[in-house]
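Proteins come first, then strands; the chains are lettered A, B, ... in the order of their sequence lines, and each starts at number 1. Because only heavy atoms are used, hydrogens play no part in the values below, and waters and symmetry mates are left out as well, while side chains stay in.
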2 protein chains.
Amino acid sequence: MLFLRDLPRKEALRVLADYFPGLDLDAVEATLALLTAAQDLLEAHEAQIQSYGLSRGRFSVLMLLNRSPKGEASPSDLAKGAKVTRATITGLLDGLEKEGLVERIPHEEDRRRLRVRLTPKGRKSLGRMLPKHVSRVTSLVAPLDKKEMKTLTRLLDKVVEGLHGRAKK
Amino acid sequence: MLFLRDLPRKEALRVLADYFPGLDLDAVEATLALLTAAQDLLEAHEAQIQSYGLSRGRFSVLMLLNRSPKGEASPSDLAKGAKVTRATITGLLDGLEKEGLVERIPHEEDRRRLRVRLTPKGRKSLGRMLPKHVSRVTSLVAPLDKKEMKTLTRLLDKVVEGLHGRAKK
DNA sequence: GGCTAATAGTTAGGGACCTATCGATTTGGA
DNA sequence: TCCAAATCGATAGGTCCCTAACTATTAGCC
């Protein structure tokens with residue numbers, strides 16, 4: 001999907017330098033590294049989740065419910081938490097409910113609302129995969145030593161901040 | 001979508017530390033930074049592309065054609081280059097062809113094959129957006145200085161390498 | 001109190017991408 | 001040479017997510 005994803009890094013750079021003389025090649029290389037790493041990481045993460053038989057969205061919903069007070073939340077809350085639309089939550093809940101991981105309960109005071117709750121089965125299911133998930137996902141950065149991890153965190157935060165700053169203006 | 005995407009970083013860490021005592025919190029923080037940065041970056045990149053009225057996939061196809069010898073490639077080549085399936089390429093080409101950016105030409109020697117080619121309109125279209133695209137995408141790493149860019153590139157390469165290494169075994 | 005606004009969740013329809021399969025064609029080993 | 005296997009692009013059908021619009025209900029203001 002990405003930019004020059006298929007070319008070896010060095011060649012991609014050469015091509016770009018030809019097209020756009022005066023380009024900052026270090027910046028281009030960092031960008032390429034960033035975008036390709038982003039792609040690869042998210043793919044690995046998603047593959048991880050799919051190995052539990054869940055989609056990203058469904059996994060997010062379970063995670064959100066798991067640490068809500070009383071293991072409950074409204075569909076709207078879930079939408080905010082999982083960063084998807086309410087319409088999408090409807091679909092995710094349909095699936096999770098059919099598999100018995102989650103249940104929809106009418107709200108006593110407001111008949112527009114629902115309370116979504118993990119079933120015991122849902123809770124057990126999560127409990128089974130969570131430890132493995134945390135350790136596997138964390139091992140993504142295993143090739144780095146402590147100091148490198150901190151540096152990486154700092155640099156990425158800087159980049160992301162710039163992103164948000166730009167979005168605002 | 002991500003892991004504890006909605007919580008402030010510090011709180012997310014506290015929660016995890018509670019659940020899984022003995023966890024390497026620096027590693028977790030680096031992972032969180034990586035995954036959230038990855039998400040944000042790809043979104044920014046995609047938004048960029050959509051501002052030209054193209055989807056990721058279609059943009060990839062145009063880019064691939066643009067730097068193929070003679071601006072031509074087979075659907076299969078495009079599938080490899082864009083890292084999607086041949087079935088997906090069929091759909092992307094349908095769209096691009098309808099907009100007149102691309103044309104399908106029968107292959108003279110092998111009647112199973114096609115040659116896909118940028119039309120003049122497609123070439124002009126790309127020429128208009130490419131310079132802006134390169135400069136905008138490159139500016140993603142603008143918050144970093146030269147040395148930081150190189151460090152980031154190095155660390156990300158390390159992480160990605162680890163990823164591939166793991167996939168193999 | 002009654003009517004307009006806003007809010008909650010769902011439905012309808014669309015886009016991008018996937019896997020599995022198909023029909024046509026070409027290749028290559030017996 | 002001929003026939004099974006491989007390859008090419010297209011099609012069918014599924015998943016995930018989106019936007020827009022709809023229904024039911026509640027809140028707020030005159």
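Ser55(A) comes within contact range of the sugar-phosphate backbone alone, with a heavy-atom separation under 4.0 Å but no base atom that close.
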Distance-only criterion, 3.5 Å: show the donor-acceptor pairs between side-chain atoms of residues 87-94 of chain A and protein atoms not counting sequence neighbours.
unit_1, atom_1, unit_2, atom_2, d
Thr88(A), OG1, Thr85(A), OG1, 3.0
Thr90(A), OG1, Arg86(A), O, 3.3
Asp94(A), OD1, Arg104(A), NH2, 2.2

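Between Tyr52(A) and His133(A), the angle of the ring planes goes over 60°, which puts this pair in the perpendicular group of the 30/60° scheme.
Rounded to whole Å, the distance from CD1 on Ile49(B) to C1' on dG15(C) is 16 Å. Rounded to an integer number of Å, the gap from Leu78(B) CG to dC17(C) C1' is 16 Å. Nucleotide dA16(C) holds its C1' atom 18 Å from the NZ atom of Lys83(B), rounded to whole Å. Taking atom CZ of residue Phe59(A) and atom C1' of nucleotide dT15(D), one finds them 19 Å apart after rounding to whole Å. Rounded to an integer number of Å, the gap from CZ of Arg86(B) to P of dA6(D) is 14 Å. Counting to the nearest Å, the C1' atom of dA16(C) and the CG atom of Leu54(B) are 14 Å from each other. In this structure, Arg58(A) places its CZ atom 9 Å from C1' of dT15(D), rounding to the nearest Å. What separates CD of Gln50(B) from P of dC17(D) is a distance of 16 Å, to the nearest Å.
Separating the CD atom in Glu72(A) from the NE2 atom in His107(A) is a distance of 8.5 Å, to the nearest 0.5 Å. If you take OG on Ser60(B) and NZ on Lys83(B), they are separated by 11.0 Å, rounding to the nearest 0.5 Å. Atom OG1 of residue Thr153(A) and atom CG of residue Leu34(B) lie 7.5 Å apart, to the nearest 0.5 angstrom.
The partner of dC30(D) is dG1(C), judged by Watson-Crick or G-U wobble contacts that both fall below 3.5 Å. Pairing of dA10(D), defined by two Watson-Crick or G-U wobble distances under 3.5 Å, is identified with dT21(C).
Here Thr85(A) does not reach the OP1 or OP2 of dC17(D): none of its side-chain N or O atoms lies under 4.0 Å away. Within the structure, a side-chain polar atom (N or O) of Arg56(B) is placed less than 4.0 Å from OP1 or OP2 of dC17(C).
The stretch residues 92-112 of chain B comes close to DNA chain D through Arg104(B), Arg112(B), each having a heavy atom under 4.0 Å from the strand.
Between Leu126(B) and the choices Met129(B), Lys124(B), Arg128(B), Arg123(B), the side chain to side chain contact (heavy atoms under 4.5 Å, CB included) rule is met once, by Met129(B). Remark: of the listed residues Leu155(A), Thr151(A), Thr31(A), Leu155(A) is the sole one forming a side chain to side chain contact (heavy atoms under 4.5 Å, CB included) with Leu152(B).
Here dA10(D) is the nucleotide among dG9(C), dA10(D), dA20(D) with the atom lying nearest to any side-chain atom of Thr90(B).
Glycosidic conformation of dA5(C): syn, with the torsion inside 90° of 0.
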